[in-house]
2 protein chains.
Amino acid sequence: MPSAVGGTGRTGGRAGRPTMKDVAAHVGTSIKSVSRVLNGEDGVSAATAERILQAMAELGFRRNDLARGLRQSDRTSTIGLALPQAGTRFHDSLVHGIDEIARQQGSFVLTASSGTAARERETLTALCSRRVDGLIVVPAGEDHGFLRPEQQAGVPVVFVDRPPHGIAADAVLTDHAEGARAGTAHLLRQGHRRIGVVGDDERIFSVAERIGGHRAALRTEQVAYAEELTRLGARCAEEAMHACLDLLGSGQPPTALFTLNNQCTIGAVRALRRLGLTRRVAMVGFDDFETADLIDPPVTVISHDVEEIGRTAARLMFERMAGHSPAPGRTTLPTKLIARGSGEIPVVDESS
Amino acid sequence: MPSAVGGTGRTGGRAGRPTMKDVAAHVGTSIKSVSRVLNGEDGVSAATAERILQAMAELGFRRNDLARGLRQSDRTSTIGLALPQAGTRFHDSLVHGIDEIARQQGSFVLTASSGTAARERETLTALCSRRVDGLIVVPAGEDHGFLRPEQQAGVPVVFVDRPPHGIAADAVLTDHAEGARAGTAHLLRQGHRRIGVVGDDERIFSVAERIGGHRAALRTEQVAYAEELTRLGARCAEEAMHACLDLLGSGQPPTALFTLNNQCTIGAVRALRRLGLTRRVAMVGFDDFETADLIDPPVTVISHDVEEIGRTAARLMFERMAGHSPAPGRTTLPTKLIARGSGEIPVVDESS
DNA sequence: ATGAAAGCGCTAACAG
DNA sequence: CTGTTAGCGCTTTCAT
């Protein structure tokens with residue numbers, strides 16, 4: 001038994017963190033009193049409490065919440081948020097919304113990057129192994145069945161922006177289809193009949209939904225959907241630009257463009273610039289972005305309230321944590337068309 | 001003793017998570033064998049191992065890494081990143097860079113929003129209470145002395161973008177002063193002598209540094225620094241726009257603007273638009289942004305490699321974790337001027 | 001190849 | 001008002 005002073009035998013003061021045991025030893029009281037002070041329970045004299053607080057400050061004590069959670073009904077007061085690498089304003093707003101609600105509930109939000117589909121599972125598992133009380137997931141991968149054990153263990157999982165596959169869970173979505181319908185109808189109203197579509201991979205839920213809405217609008221006006229005016233699979237602004245250049249350089253170019261996310265919108269603007277068509281080809285883009293009003297002409301967009309999506313997802317999660325257990329469902333939030341100019345360019349008279 | 005079956009007495013399969021004890025009971029082996037399988041140690045027959053793996057899958061077992069860390073030298077393989085709410089691309093790139101290095105080191109990055117200065121301490125403390133192995137902080141507040149105990153306990157802390165106060169720790173900074181000097185010199189070279197400056201609060205390190213660089217450039221060319229052309233305290237694009245409107249509407253308006261971050265740049269562009277001065281007043285902005293090339297005229301900026309900042313900070317952190325302990329220092333990364341058009345507008349001949 | 005027991009830092013449930 | 005004991009889920013040490 002070598003120099004067993006403060007339990008851990010801390011002497012140098014350098015390595016390892018002080019524990020409650022150390023604080024207790026420092027004061028000459030029991031560990032339980034320290035615990036009481038820390039948790040604001042009563043049953044400790046003011047004098048002792050004072051000395052304990054002093055010792056904690058002196059030693060630089062910080063409670064180990066991990067150990068605490070281990071004992072305390074396995075709650076960590078932490079919720080996990082998994083985000084794929086986006087590179088849009090989506091992140092910030094979403095985190096904000098979630099944070100607002102979590103804070104009200106006394107929970108702490110930890111965000112992890114799930115990156116590509118391949119790494120997503122690993123990321124979510126790591127979050128769960130760190131025992132979050134709930135999980136909000138912006139899906140990157142295809143199947144989330146592996147999260148079922150978490151759900152059954154009482155950890156609610158809420159999906160954002162895309163519905164879950166392989167698991168029954170709440171989802172908070174944007175009304176992609178209706179937004180795209182409105183955007184397309186807006187262009188049709190200006191007389192456009194040849195509308196080019198540029199977007200990411202159609203296997204992505206939001207992309208498929210948006211295309212569906214686009215086609216619905218065309219049907220309503222009895223305009224044929226021209227396959228050759230659609231360019232999908234553009235994963236970044238660069239690829240979208242090339243798709244647009246290709247589209248606009250074809251024999252029968254579109255008189256308007258409908259872009260399926262803001263990266264595509266930015267790519268489209270670059271393409272229109274290069275070809276000197278900014279004022280001649282109309283454009284409506286899905287997703288708003290900060291400088292949309294500064295581009296010439298200002299970009300007409302379909303916008304959605306991402307912060308509200310975050311708040312809604314967080315509320316759903318906390319409701320489930322509180323014991324509510326209706327059948328998992330989808331909440332769909334509306335979009336708004338913001339007319340700024342690019343979408344109000346009328347069709348060029350082709351007979352001239 | 002009511003139906004004590006699997007240790008925890010789990011029967012419904014609903015509440016609580018399965019533990020190693022449950023897995024062991026399910027297989028009819030000891031908890032230690034389960035542990036061995038999980039950690040890839042040998043000393044378990046292939047047959048038993050197989051049955052254990054099966055049971056884990058069946059029960060949806062997930063190891064509690066918190067409990068693990070409690071026992072295992074208090075390492076959690078997790079590093080914490082604290083970010084104030086920025087609303088710029090800074091976030092994404094920084095997280096990316098840090099993530100890249102952390103992944104190589106087998107660590108997991110958890111990001112928390114530190115929000116305003118007031119909430120920062122609370123956020124950082126919460127991260128520490130969750131026992132991260134290291135901490136990367138983009139400071140929001142003024143004093144970080146409260147992090148000293150963490151450092152002493154062997155948790156390295158690295159600051160990004162602003163140097164620490166009240167604590168000796170590594171910092172990874174941008175060469176704000178040199179960048180601002182170069183940007184200002186660029187404008188001076190076009191003949192501008194009345195350069196308006198719009199930025200956030202001067203108490204922010206980067207703002208002060210940038211102003212310093214700006215003034216240094218003026219001194220070199222023997223141009224007087226005109227206090228009345230400087231508008232600080234603009235915390236968002238909106239406020240920056242009003243500051244610019246004010247500046248440009250004054251009796252002796254500047255012929256060029258130097259904006260101290262991208263929010264201010266965006267505000268300035270809006271102001272120039274409103275006044276129809278986009279082609280007449282030159283502008284250079286600190287920080288690049290995605291659509292800078294799409295604005296008319298395209299915006300000349302001082303850009304820095306944020307991802308590299310992240311990688312550098314992470315590397316420093318892991319080096320300290322590995323035992324390196326030189327005196328804490330500053331690493332300063334260079335900036336690059338990207339001329340796109342707005343900064344190359346020559347001074348208007350005032351005599352005409 | 002396997003398991004029993006101790007203990008990580010903390011709190012819950014009981015004593016005094 | 002204060003302290004003792006047990007145990008959260010896991011790994012470590014030491015036996016078998």
Side-chain angles (χ1 to χ4, degrees), chain A residues 1 4 6-10 15-52 56 59-77 128-131 153, chain B residues 1 4 6-10 15-52 56 59-77 128-131 153:
Chain A
M1 194 190 279
T8 324
R10 198 173 321 293
R17 294 159 165 290
T19 73
M20 285 177 48
K21 208 165 167 182
D22 297 314
V23 175
H26 193 91
V27 176
T29 176
S30 93
I31 183 178
K32 180 67 217 191
S33 295
V34 178
S35 171
R36 278 197 251 262
V37 170
L38 210 55
N39 296 324
E41 297 169 21
D42 45 28
V44 184
S45 72
T48 325
E50 183 51 46
R51 284 167 54 222
I52 288 176
M56 293 204 288
L59 269 50
F61 170 80
R62 205 131 299 173
R63 170 169 66 193
N64 186 335
D65 277 352
L66 274 41
R68 181 182 208 219
L70 201 55
R71 191 66 240 260
Q72 219 175 29
S73 72
D74 211 18
R75 278 236 163 297
T76 56
S77 297
C128 292
S129 285
R130 282 165 178 80
R131 292 299 188 263
Chain B
M1 193 192 280
T8 325
R10 198 174 321 292
R17 294 159 165 289
T19 72
M20 286 177 47
K21 207 166 168 179
D22 297 314
V23 175
H26 194 89
V27 176
T29 176
S30 93
I31 182 179
K32 179 64 218 193
S33 295
V34 178
S35 170
R36 278 197 252 261
V37 169
L38 210 55
N39 295 324
E41 298 169 21
D42 46 28
V44 184
S45 72
T48 327
E50 182 51 46
R51 284 166 54 220
I52 289 176
M56 295 203 287
L59 268 51
F61 169 80
R62 205 132 300 172
R63 170 171 65 194
N64 186 333
D65 277 352
L66 274 43
R68 180 180 209 221
L70 200 55
R71 194 64 240 265
Q72 219 175 27
S73 71
D74 212 18
R75 278 241 163 294
T76 55
S77 296
C128 293
S129 286
R130 282 166 178 80
R131 292 298 188 264

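Naming convention: chains lettered A, B, ... in sequence-line order (proteins, then strands); numbering from 1 in each chain.
- For the pair A:Arg71 CZ and D:dT5 C1', the computed distance is 10 Å after rounding to whole Å.
- The side chain of B:Ser33 has C:dG3 as its nearest neighbour among C:dG3, D:dC8, D:dT2.
- For the OP1/OP2 pair of C:dT11 and a distance below 4.0 Å, the side-chain nitrogens and oxygens of A:Arg63 include at least one atom meeting the criterion.
- Spacing between atom CZ of B:Arg51 and atom C1' of C:dA1 amounts to 14 Å, rounded to whole angstrom units.
- Rounded to the nearest 0.5 angstrom, B:Lys32 NZ and B:Glu41 CD are separated by 5.0 Å.
- Within 6.0 Å of CG in B:Asn39 there are more than 12 heavy atoms belonging to other residues, nucleotides or ligands.
- The CG-P distance, from A:Leu59 to C:dG9, rounds to 14 Å in whole Å.
- If you measure from atom CE of A:Met20 to atom P of C:dG9, you get 11 Å, rounded to the nearest angstrom.
- The A:Ser45 side chain lies nearest to D:dT2 when the options are C:dT2, D:dT2, C:dC10.
- Within the model, atoms CZ of A:Arg130 and SG of A:Cys128 stand 10.5 Å from one another, a figure rounded to the nearest 0.5 Å.
- Remark: P of C:dG9 and CE of A:Met56 are 17 Å apart, rounded to the nearest angstrom.
- Taken from CD1 in B:Ile52 to OG1 in B:Thr29, the straight-line distance is 5.0 Å, to the nearest 0.5 Å.
- Here A:Thr29 reaches the OP1 or OP2 of D:dG3: one of its side-chain N or O atoms lies under 4.0 Å away.
- Note that CG of A:Leu66 is 7.5 Å distant from CZ of B:Arg131, once rounded to the nearest 0.5 Å.
- For the pair A:Asp42 CG and D:dG3 C1', the computed distance is 16 Å after rounding to whole Å.
- For the atom pair B:Met20 CE and B:Ile31 CD1, the distance stands at 4.5 Å (nearest 0.5 Å).
- Phosphate proximity of D:dC1 to A:Thr48: absent, as no side-chain N or O sits under 4.0 Å from OP1 or OP2.
- Counting distance only, with no hydrogens placed and no angle test, the side-chain atoms of B:Lys32 and the base atoms of C:dA1 include no donor-acceptor pair under 3.5 Å.
- Put simply, CZ on A:Arg17 is 17 Å from P on C:dC8, counting in whole angstrom units.
- Of the candidates C:dT11, D:dG9, C:dC8, C:dC8 carries the atom nearest the A:Lys21 side chain, counting heavy atoms from C-beta on.
- Whole-Å rounding puts the B:Leu66 CG to D:dT11 P distance at 12 Å.
- Side-chain atoms of A:Thr19 lie closest to C:dG9 of the nucleotides D:dT11, C:dT2, C:dG9.
- Atom CG of B:Leu70 is separated from atom CG of A:Asn64 by 6.0 Å, given to the nearest 0.5 angstrom.
- DNA chain C lies under 4.0 Å from at least one heavy atom of each of the following residues of residues 34-41 of chain A: A:Ser35, A:Asn39.
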